Amino acid sequence: MPELPEVETVRRTLAPHLTGKSIDSFELRWHRTLQRPSLNDFTFAVVGRTIVDVGRRGKLVVMTLDDRSTITVHLRMTGELLFLSKRSSERDDARENHLRAIFGLSHGTELCFYDTRKFGKISWYPFDPASGFDQHIGLEPLADTFTADALASVLSTRHRLLKPLLLDQSVVAGLGNIYVDEALFRSRLHPLSIASALSHEQVEALHEAIVTLLSRAVESRGTTLRDYRSGLGDVGSYQHALRVYGTPAGSPCPECGSTLERLVIGQRGSIFCANCQVRVTRD
DNA sequence: CACTGAGCCTGCTAGC
DNA sequence: TGCTAGCAGGCTCAGT
(Lines give C-alpha, C1' and ligand atoms only; values in the text may rest on other atoms or scores of the structure.)
Protein backbone atom coordinates (compact mmCIF):
# COMPACT_ATOMS: atom_id res chain seq x y z
CA MET A 1 0.00 0.00 0.00
CA PRO A 2 1.62 3.22 -1.05
CA GLU A 3 2.25 5.60 1.83
CA LEU A 4 4.47 8.68 1.90
CA PRO A 5 7.81 6.99 1.03
CA GLU A 6 6.28 5.06 -1.85
CA VAL A 7 4.48 8.11 -3.23
CA GLU A 8 7.67 10.17 -2.88
CA THR A 9 9.57 7.50 -4.81
CA VAL A 10 6.95 7.56 -7.56
CA ARG A 11 7.28 11.35 -7.67
CA ARG A 12 11.07 11.22 -7.88
CA THR A 13 11.14 8.61 -10.61
CA LEU A 14 8.46 10.33 -12.68
CA ALA A 15 9.60 13.93 -12.34
CA PRO A 16 12.54 13.89 -14.80
CA HIS A 17 10.43 12.15 -17.43
CA LEU A 18 7.23 14.15 -17.08
CA THR A 19 8.53 17.66 -16.56
CA GLY A 20 8.30 19.58 -19.82
CA LYS A 21 6.08 17.02 -21.55
CA SER A 22 2.75 18.10 -22.95
CA ILE A 23 -0.45 16.09 -22.57
CA ASP A 24 -1.70 15.08 -26.02
CA SER A 25 -4.59 12.86 -24.99
CA PHE A 26 -6.42 11.31 -22.05
CA GLU A 27 -8.21 7.98 -22.05
CA LEU A 28 -10.33 6.83 -19.12
CA ARG A 29 -11.10 3.12 -18.90
CA TRP A 30 -12.83 3.00 -15.50
CA HIS A 31 -15.16 5.93 -14.96
CA ARG A 32 -14.82 6.06 -11.18
CA THR A 33 -11.06 6.49 -11.36
CA LEU A 34 -11.71 10.12 -12.34
CA GLN A 35 -12.92 11.86 -9.21
CA ARG A 36 -13.37 15.38 -10.50
CA PRO A 37 -14.43 17.15 -12.64
CA SER A 38 -16.43 15.34 -15.36
CA LEU A 39 -14.54 13.50 -18.10
CA ASN A 40 -15.37 16.23 -20.61
CA ASP A 41 -14.21 19.01 -18.33
CA PHE A 42 -11.09 17.11 -17.26
CA THR A 43 -10.11 16.40 -20.85
CA PHE A 44 -10.72 20.01 -21.85
CA ALA A 45 -8.65 21.23 -18.90
CA VAL A 46 -5.57 19.04 -19.33
CA VAL A 47 -5.17 18.15 -23.01
CA GLY A 48 -2.81 20.60 -24.67
CA ARG A 49 -1.22 21.67 -21.40
CA THR A 50 2.38 21.10 -20.39
CA ILE A 51 3.50 19.49 -17.11
CA VAL A 52 5.83 21.94 -15.36
CA ASP A 53 6.32 20.18 -12.02
CA VAL A 54 5.75 16.83 -10.32
CA GLY A 55 5.34 17.23 -6.57
CA ARG A 56 3.78 15.46 -3.63
CA ARG A 57 1.53 16.39 -0.74
CA GLY A 58 0.94 13.62 1.78
CA LYS A 59 0.02 10.60 -0.32
CA LEU A 60 -0.98 12.65 -3.36
CA VAL A 61 1.12 12.89 -6.49
CA VAL A 62 0.65 16.47 -7.70
CA MET A 63 1.32 17.38 -11.33
CA THR A 64 1.33 21.12 -11.90
CA LEU A 65 0.41 22.30 -15.39
CA ASP A 66 1.56 25.41 -17.24
CA ASP A 67 -1.62 27.32 -16.31
CA ARG A 68 -0.90 26.52 -12.61
CA SER A 69 -3.82 24.13 -12.40
CA THR A 70 -3.06 20.72 -10.91
CA ILE A 71 -3.73 17.07 -11.58
CA THR A 72 -3.63 14.99 -8.40
CA VAL A 73 -3.34 11.20 -8.30
CA HIS A 74 -4.09 9.16 -5.20
CA LEU A 75 -2.83 5.57 -5.52
CA ARG A 76 -4.86 4.29 -2.54
CA MET A 77 -4.26 0.56 -2.20
CA THR A 78 -3.04 -0.80 -5.49
CA GLY A 79 -2.59 2.16 -7.82
CA GLU A 80 0.54 2.40 -9.97
CA LEU A 81 1.64 5.30 -12.13
CA LEU A 82 4.03 4.09 -14.78
CA PHE A 83 5.93 6.13 -17.34
CA LEU A 84 6.42 4.37 -20.66
CA SER A 85 8.84 5.81 -23.18
CA LYS A 86 7.12 4.14 -26.14
CA ARG A 87 3.39 4.65 -26.28
CA SER A 88 1.40 1.41 -25.84
CA SER A 89 4.10 -0.89 -27.19
CA GLU A 90 5.71 -1.20 -23.75
CA ARG A 91 2.52 -1.98 -21.92
CA ASP A 92 2.21 -5.21 -20.05
CA ASP A 93 -0.48 -7.17 -21.92
CA ALA A 94 -1.18 -9.32 -18.87
CA ARG A 95 -2.25 -6.24 -16.93
CA GLU A 96 -4.24 -4.54 -19.66
CA ASN A 97 -7.44 -5.29 -17.74
CA HIS A 98 -6.14 -3.32 -14.75
CA LEU A 99 -5.29 -0.27 -16.82
CA ARG A 100 -7.65 2.50 -15.67
CA ALA A 101 -6.37 5.66 -17.37
CA ILE A 102 -3.76 6.70 -19.93
CA PHE A 103 -2.19 10.11 -20.48
CA GLY A 104 -0.70 10.30 -23.98
CA LEU A 105 2.36 12.56 -23.75
CA SER A 106 4.67 14.31 -26.18
CA HIS A 107 7.58 12.46 -27.87
CA GLY A 108 5.44 9.34 -28.17
CA THR A 109 5.50 8.62 -24.43
CA GLU A 110 2.69 7.91 -22.01
CA LEU A 111 1.75 7.81 -18.35
CA CYS A 112 -0.34 4.78 -17.43
CA PHE A 113 -2.44 4.41 -14.30
CA TYR A 114 -2.89 0.78 -13.30
CA ASP A 115 -5.11 -0.03 -10.35
CA THR A 116 -6.27 -3.55 -9.56
CA ARG A 117 -8.81 -2.67 -6.89
CA LYS A 118 -10.10 0.53 -8.50
CA PHE A 119 -9.75 2.59 -5.32
CA GLY A 120 -7.31 5.09 -6.80
CA LYS A 121 -8.45 8.56 -7.81
CA ILE A 122 -7.40 11.17 -10.37
CA SER A 123 -8.59 14.76 -9.95
CA TRP A 124 -8.04 18.15 -11.49
CA TYR A 125 -8.13 21.49 -9.67
CA PRO A 126 -7.96 24.96 -11.21
CA PHE A 127 -5.33 27.28 -9.74
CA ASP A 128 -6.84 28.80 -6.61
CA PRO A 129 -4.70 29.47 -3.55
CA ALA A 130 -7.83 29.90 -1.43
CA SER A 131 -9.42 26.52 -2.12
CA GLY A 132 -6.89 24.16 -3.63
CA PHE A 133 -6.58 20.40 -3.40
CA ASP A 134 -4.75 20.53 -0.07
CA GLN A 135 -7.27 22.35 2.07
CA HIS A 136 -7.73 19.46 4.43
CA ILE A 137 -4.28 17.91 4.42
CA GLY A 138 -2.35 17.98 7.68
CA LEU A 139 1.32 18.37 8.65
CA GLU A 140 3.88 17.30 6.04
CA PRO A 141 6.26 14.97 7.91
CA LEU A 142 9.36 15.53 5.78
CA ALA A 143 9.02 19.30 5.63
CA ASP A 144 11.08 21.66 7.82
CA THR A 145 7.88 22.78 9.47
CA PHE A 146 7.31 19.32 10.95
CA THR A 147 8.95 19.81 14.34
CA ALA A 148 8.32 18.07 17.64
CA ASP A 149 6.54 21.22 18.81
CA ALA A 150 4.29 21.25 15.74
CA LEU A 151 3.39 17.62 16.36
CA ALA A 152 2.82 18.33 20.06
CA SER A 153 0.42 21.12 19.25
CA VAL A 154 -1.81 18.95 17.05
CA LEU A 155 -1.76 16.07 19.53
CA SER A 156 -2.31 18.07 22.69
CA THR A 157 -5.86 19.16 21.84
CA ARG A 158 -7.04 15.77 20.62
CA HIS A 159 -8.65 13.40 23.05
CA ARG A 160 -8.42 10.53 20.59
CA LEU A 161 -6.68 7.19 20.35
CA LEU A 162 -3.15 7.68 19.07
CA LYS A 163 -3.24 5.22 16.19
CA PRO A 164 -6.42 6.45 14.46
CA LEU A 165 -5.21 10.01 14.97
CA LEU A 166 -1.90 9.33 13.23
CA LEU A 167 -3.77 7.70 10.35
CA ASP A 168 -5.95 10.79 9.97
CA GLN A 169 -4.59 12.61 6.92
CA SER A 170 -5.96 15.93 8.11
CA VAL A 171 -3.66 15.74 11.15
CA VAL A 172 -0.41 14.28 9.78
CA ALA A 173 -0.23 13.59 6.05
CA GLY A 174 1.28 10.51 4.48
CA LEU A 175 1.26 7.93 7.24
CA GLY A 176 -0.60 4.67 6.61
CA ASN A 177 -1.01 1.46 8.53
CA ILE A 178 2.53 0.18 7.94
CA TYR A 179 4.45 3.26 9.02
CA VAL A 180 2.13 4.06 11.94
CA ASP A 181 2.64 0.61 13.46
CA GLU A 182 6.38 0.93 12.90
CA ALA A 183 6.59 4.46 14.30
CA LEU A 184 4.63 3.47 17.42
CA PHE A 185 6.84 0.44 17.96
CA ARG A 186 10.03 2.48 17.59
CA SER A 187 8.82 5.22 19.89
CA ARG A 188 7.56 2.63 22.40
CA LEU A 189 4.04 4.00 22.43
CA HIS A 190 0.95 1.82 22.61
CA PRO A 191 -1.55 2.37 19.76
CA LEU A 192 -4.40 2.73 22.30
CA SER A 193 -2.70 5.65 24.05
CA ILE A 194 -4.66 8.89 24.26
CA ALA A 195 -2.98 11.48 22.02
CA SER A 196 -3.42 14.42 24.37
CA ALA A 197 -1.95 12.48 27.29
CA LEU A 198 1.56 12.09 25.83
CA SER A 199 4.40 13.79 27.67
CA HIS A 200 6.67 16.13 25.73
CA GLU A 201 9.41 13.48 25.79
CA GLN A 202 7.01 10.95 24.33
CA VAL A 203 5.98 13.35 21.56
CA GLU A 204 9.66 13.97 20.81
CA ALA A 205 10.27 10.23 20.58
CA LEU A 206 7.30 9.82 18.26
CA HIS A 207 8.45 12.75 16.10
CA GLU A 208 11.95 11.31 15.89
CA ALA A 209 10.57 7.87 14.97
CA ILE A 210 8.31 9.25 12.21
CA VAL A 211 11.02 11.38 10.62
CA THR A 212 13.74 8.72 10.81
CA LEU A 213 11.47 5.97 9.56
CA LEU A 214 10.09 7.92 6.61
CA SER A 215 13.52 9.26 5.62
CA ARG A 216 15.07 5.81 5.62
CA ALA A 217 12.11 4.35 3.76
CA VAL A 218 12.48 7.02 1.08
CA GLU A 219 16.20 6.18 0.80
CA SER A 220 15.20 2.54 0.31
CA ARG A 221 12.72 3.60 -2.39
CA GLY A 222 9.76 2.45 -0.32
CA THR A 223 8.26 -0.78 0.91
CA THR A 224 7.06 -3.38 -1.58
CA LEU A 225 4.90 -6.00 0.09
CA ARG A 226 2.92 -6.90 -2.98
CA ASP A 227 1.80 -4.35 -5.54
CA TYR A 228 3.88 -1.24 -5.02
CA ARG A 229 6.20 -0.17 -7.85
CA SER A 230 7.98 3.11 -8.59
CA GLY A 231 7.12 5.29 -11.57
CA LEU A 232 9.49 3.18 -13.64
CA GLY A 233 8.24 -0.17 -12.37
CA ASP A 234 10.90 -0.94 -9.76
CA VAL A 235 10.24 -2.45 -6.33
CA GLY A 236 11.36 -0.86 -3.04
CA SER A 237 13.45 -2.54 -0.36
CA TYR A 238 12.30 -1.11 2.96
CA GLN A 239 10.18 -4.19 3.67
CA HIS A 240 13.40 -5.81 4.94
CA ALA A 241 13.75 -3.12 7.60
CA LEU A 242 10.23 -3.38 9.01
CA ARG A 243 10.28 -4.52 12.61
CA VAL A 244 6.69 -5.45 13.43
CA TYR A 245 4.35 -4.79 10.51
CA GLY A 246 3.53 -7.98 8.66
CA THR A 247 4.57 -10.16 11.59
CA PRO A 248 1.85 -12.58 12.70
CA ALA A 249 0.39 -12.09 16.17
CA GLY A 250 2.06 -14.42 18.65
CA SER A 251 5.53 -13.95 17.18
CA PRO A 252 8.28 -12.82 19.54
CA CYS A 253 8.90 -9.10 19.86
CA PRO A 254 12.18 -8.27 18.08
CA GLU A 255 13.11 -6.08 21.03
CA CYS A 256 12.18 -7.98 24.19
CA GLY A 257 11.04 -11.40 23.01
CA SER A 258 7.59 -11.30 24.55
CA THR A 259 4.55 -12.07 22.44
CA LEU A 260 3.38 -9.54 19.86
CA GLU A 261 -0.33 -8.77 20.01
CA ARG A 262 -2.79 -7.91 17.30
CA LEU A 263 -5.91 -5.76 17.71
CA VAL A 264 -8.29 -4.09 15.32
CA ILE A 265 -8.14 -0.39 16.17
CA GLY A 266 -10.18 2.07 14.15
CA GLN A 267 -11.00 -0.73 11.71
CA ARG A 268 -7.31 -1.38 11.02
CA GLY A 269 -5.24 -4.36 11.98
CA SER A 270 -2.58 -3.29 14.47
CA ILE A 271 0.48 -5.19 15.66
CA PHE A 272 2.39 -4.14 18.77
CA CYS A 273 4.28 -5.28 21.83
CA ALA A 274 2.31 -4.64 25.02
CA ASN A 275 5.53 -5.02 27.01
CA CYS A 276 7.66 -2.49 25.10
CA GLN A 277 4.95 -0.04 24.14
CA VAL A 278 3.55 1.97 27.03
CA ARG A 279 -0.14 2.79 27.04
CA VAL A 280 -0.51 6.43 28.01
CA THR A 281 -4.05 7.22 29.09
CA ARG A 282 -3.82 9.61 32.02
CA ASP A 283 -4.72 13.06 30.77
C1' DC B 1 -15.90 16.49 18.53
C1' DA B 2 -15.17 11.49 18.57
C1' DC B 3 -16.36 7.26 17.14
C1' DT B 4 -18.67 3.31 14.36
C1' DG B 5 -20.05 0.90 10.40
C1' DA B 6 -21.07 0.54 5.51
C1' DG B 7 -19.41 0.92 1.02
C1' DC B 8 -16.09 0.99 -2.60
C1' DC B 9 -13.15 -3.26 -5.09
C1' DT B 10 -10.40 -7.50 -6.29
C1' DG B 11 -7.14 -11.09 -5.34
C1' DC B 12 -5.45 -14.04 -2.18
C1' DT B 13 -5.97 -17.61 1.26
C1' DA B 14 -8.01 -20.56 4.83
C1' DG B 15 -11.17 -24.00 5.35
C1' DC B 16 -14.20 -27.29 3.69
C1' DT C 1 -8.70 -30.29 -6.98
C1' DG C 2 -12.43 -26.95 -6.70
C1' DC C 3 -15.31 -24.15 -4.32
C1' DT C 4 -16.69 -20.30 -1.21
C1' DA C 5 -16.34 -17.08 2.57
C1' DG C 6 -13.64 -13.85 4.65
C1' DC C 7 -10.00 -10.70 4.87
C1' DA C 8 -7.04 -6.75 3.58
C1' DG C 9 -6.83 -1.70 3.29
C1' DG C 10 -7.40 4.25 2.51
C1' DC C 11 -10.83 7.09 2.54
C1' DT C 12 -15.63 9.13 2.51
C1' DC C 13 -20.13 9.45 4.12
C1' DA C 14 -24.05 8.81 7.21
C1' DG C 15 -25.53 8.03 11.72
C1' DT C 16 -25.00 8.03 16.94
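Letters A, B, ... mirror the listed sequences (proteins, then strands); counts begin at 1. Bear in mind that the values here come from a model prediction, so they are computed numbers and not experimental data. Worth knowing before you read on, the calculation uses all heavy atoms, side chains too, and leaves out hydrogens, waters and symmetry mates.
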Which residue lies toward the 5' end of DNA chain B, A:Phe119 or A:Pro164, if each is placed at its nearest nucleotide?
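With A:Phe119 and A:Pro164 compared, the 5'-side residue is A:Pro164.
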I want to check one thing: is the phosphate of [N], taken as OP1 and OP2, less than 4.0 Å away from some side-chain N or O of [X]?
X        : N      : answer
A:His159 : B:dC3  : no
A:Lys118 : B:dT10 : yes
A:Arg160 : B:dC1  : no

Kindly say whether the aromatic ring centers of A:Phe146 and A:His207 come within a distance under 6.0 Å.
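Ring centres of A:His207 and A:Phe146 closer than 6.0 Å.
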Is the distance between the ring centroids of A:His17 and A:Phe83 less than 6.0 Å?
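Ring-ring flag for A:His17/A:Phe83: true, centres closer than 6.0 Å.
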Can a donor-acceptor pair be found between the side chains of A:Tyr179 and A:Glu6 at a distance below 3.5 Å?
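Yes, because at least one side-chain N or O of A:Tyr179 sits under 3.5 Å from a partner of the opposite role on A:Glu6.
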Residues A:Asp168 and A:Ser170: side-chain donor-acceptor under 3.5 angstrom
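The criterion, which ignores hydrogens and geometry beyond distance, is satisfied for A:Ser170 and A:Asp168.
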Tell me: CD of A:Glu80 to C1' of B:dT10, nearest whole Å?
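It is 14 Å, rounded to the nearest whole Å.
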Its dot-bracket string being built from Watson-Crick and G-U pairs below 3.5 Å, with | for another strand and [ ] for crossing, DNA chain C has the pattern .|||||||||||||||
Nearest-neighbour nucleotide for the A:Arg32 side chain, B:dG5, B:dT10, B:dC9 considered:
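The answer is B:dC9.
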Counting side-chain heavy atoms from C-beta on, which of B:dC9, B:dC12, B:dA2 comes nearest to A:Arg226?
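Taking heavy atoms from C-beta onward, the closest nucleotide is B:dC12.
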Which nucleotide span of DNA chain C, 5' end to 3' end, has atoms closer than 4.0 Å to non-hydrogen atoms of chain A?
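The footprint of chain A covers C:dA8 to C:dC11.
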List in chain and number order the residues that pass side-chain contact (heavy atoms from CB on, under 4.5 Å) with A:Leu263, two or more places apart in sequence or in another chain; answer none if no residue qualifies.
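A:Leu263: side-chain contact (heavy atoms from CB on, under 4.5 Å) contacts with A:Leu192, A:Ile265, A:Phe272.
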Counting only heavy atoms not in A:Arg68, do more than 12 sit closer than 6.0 Å to its CZ atom?
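No, because the 6.0 Å sphere around CZ of A:Arg68 holds 12 heavy atoms or fewer from other groups.
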